[in-house]
Enquirer: 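My structure is below; once you've seen it, I'll send some questions.
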Amino acid sequence: MSGTAMVIGYGNELRSDDAIGQRIANVINLWDLSNLKSLAVPQLTPELAANLANVNLAIFVDARINSELADVQVEPILPTTSSMIIGHSADPRSLLALTKSLYGYCPPAWLVTVPGVNFELGDCLSPIAETGIGIALTKIINIINRV
């Protein structure tokens, strides 16, 4: 996977807008680009460190409970100072720290969060989430082109 970017979209597909990250990763997978990989996962797990150790760029995508920030947010992220992951799931920063601890390397990384308003049981996205997915895909393309 050397020379590639990886998008990891995460969230619960059974909780309406919480599925935003996985939906975006699945769309990107359909693009079938050799230098862009994507994973749709319910949560970030320590096993993903092996994937991150083999890419040049990582982009994490998640839903965000709609707050005063109604826009899709994009921010560069760095590993936390501790590589310890408590339990079976991690946040992007601790997963990057684990990758660096285990493999001596972690890729430059970005976090893309998309606003959602409905996190109830269900599989339908809100209009805000649908709009955010389109915006997030454009922003992800921009990150990849810039980096």
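Here the structure is a predicted model, which means the values were calculated and not measured.
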Enquirer: How far apart are the closest heavy atoms of A136 and V114, and which atoms are they?
Expert: CB-CG2, 3.7 Å
Enquirer: Evaluate the side-chain proximity of Y103 to N54: yes if any heavy-atom separation is below 4.5 Å, no if none is.
Expert: no
Enquirer: Any side-chain heavy-atom pair from V112 and I143 closer than 4.5 angstrom?
Expert: yes
Enquirer: Can you find a heavy atom in the side chain of K37 that is under 4.5 Å from one in the side chain of V7?
Expert: no
Enquirer: Should the pair E75-R93 be classified as a salt bridge under the 4.0 Å nitrogen-to-oxygen rule?
Expert: yes
Enquirer: Establish, from distance only, whether the side-chain atoms of D17 and S126 form a donor-acceptor pair under 3.5 Å.
Expert: yes
Enquirer: Any side-chain heavy atom of Y10 sitting closer than 4.5 Å to one from I20?
Expert: no
Enquirer: Do the non-hydrogen side-chain atoms of V61 and T113 ever get within less than 4.5 Å of each other?
Expert: no
Enquirer: Is it true that atom NZ of K139 has more than 12 heavy atoms of other residues, nucleotides or ligands lying nearer than 6.0 Å?
Expert: yes
Enquirer: State, to 0.1 Å, how close L95 and T45 come at their nearest heavy-atom pair, and which atoms those are.
Expert: CD1-O, 3.5 Å
Enquirer: How far apart are the closest heavy atoms of Y105 and P108, and which atoms are they?
Expert: OH-CD, 4.1 Å
Enquirer: When you group the ILVMFWY residues by side-chain heavy-atom contacts below 4.5 Å and let the links chain together, are I128 and I24 in the same group?
Expert: no
Enquirer: To check you understand the geometry: which heavy-atom pair defines the closest contact between G9 and A25, and what is its length?
Expert: N-CB, 3.8 Å
Enquirer: Flag the pair L14 / D123 as yes when at least one side-chain heavy-atom distance between them is below 4.5 Å, and no otherwise.
Expert: no
Enquirer: Are I28 and L33 connected in a single hydrophobic cluster, I mean Ile/Leu/Val/Met/Phe/Trp/Tyr linked by side-chain heavy atoms less than 4.5 Å apart?
Expert: yes
Enquirer: For residues L57 and W110, determine if any side-chain heavy atom of one lies less than 4.5 Å from a side-chain heavy atom of the other.
Expert: yes
Enquirer: Please test L102 against L98 for side chain to side chain contact (heavy atoms under 4.5 Å, CB included), starting from the C-alpha separation and ending with a verdict.
Expert: CA-CA 6 Å; L102 292 175; L98 179 64; 3.8 Å; yes
Enquirer: Are any non-hydrogen side-chain atoms of N26 and L30 less than 4.5 angstrom apart?
Expert: no
Enquirer: As an exercise, state the distance from CG of L125 to OG1 of T131, rounded to the nearest 0.5 Å.
Expert: 10.5 Å
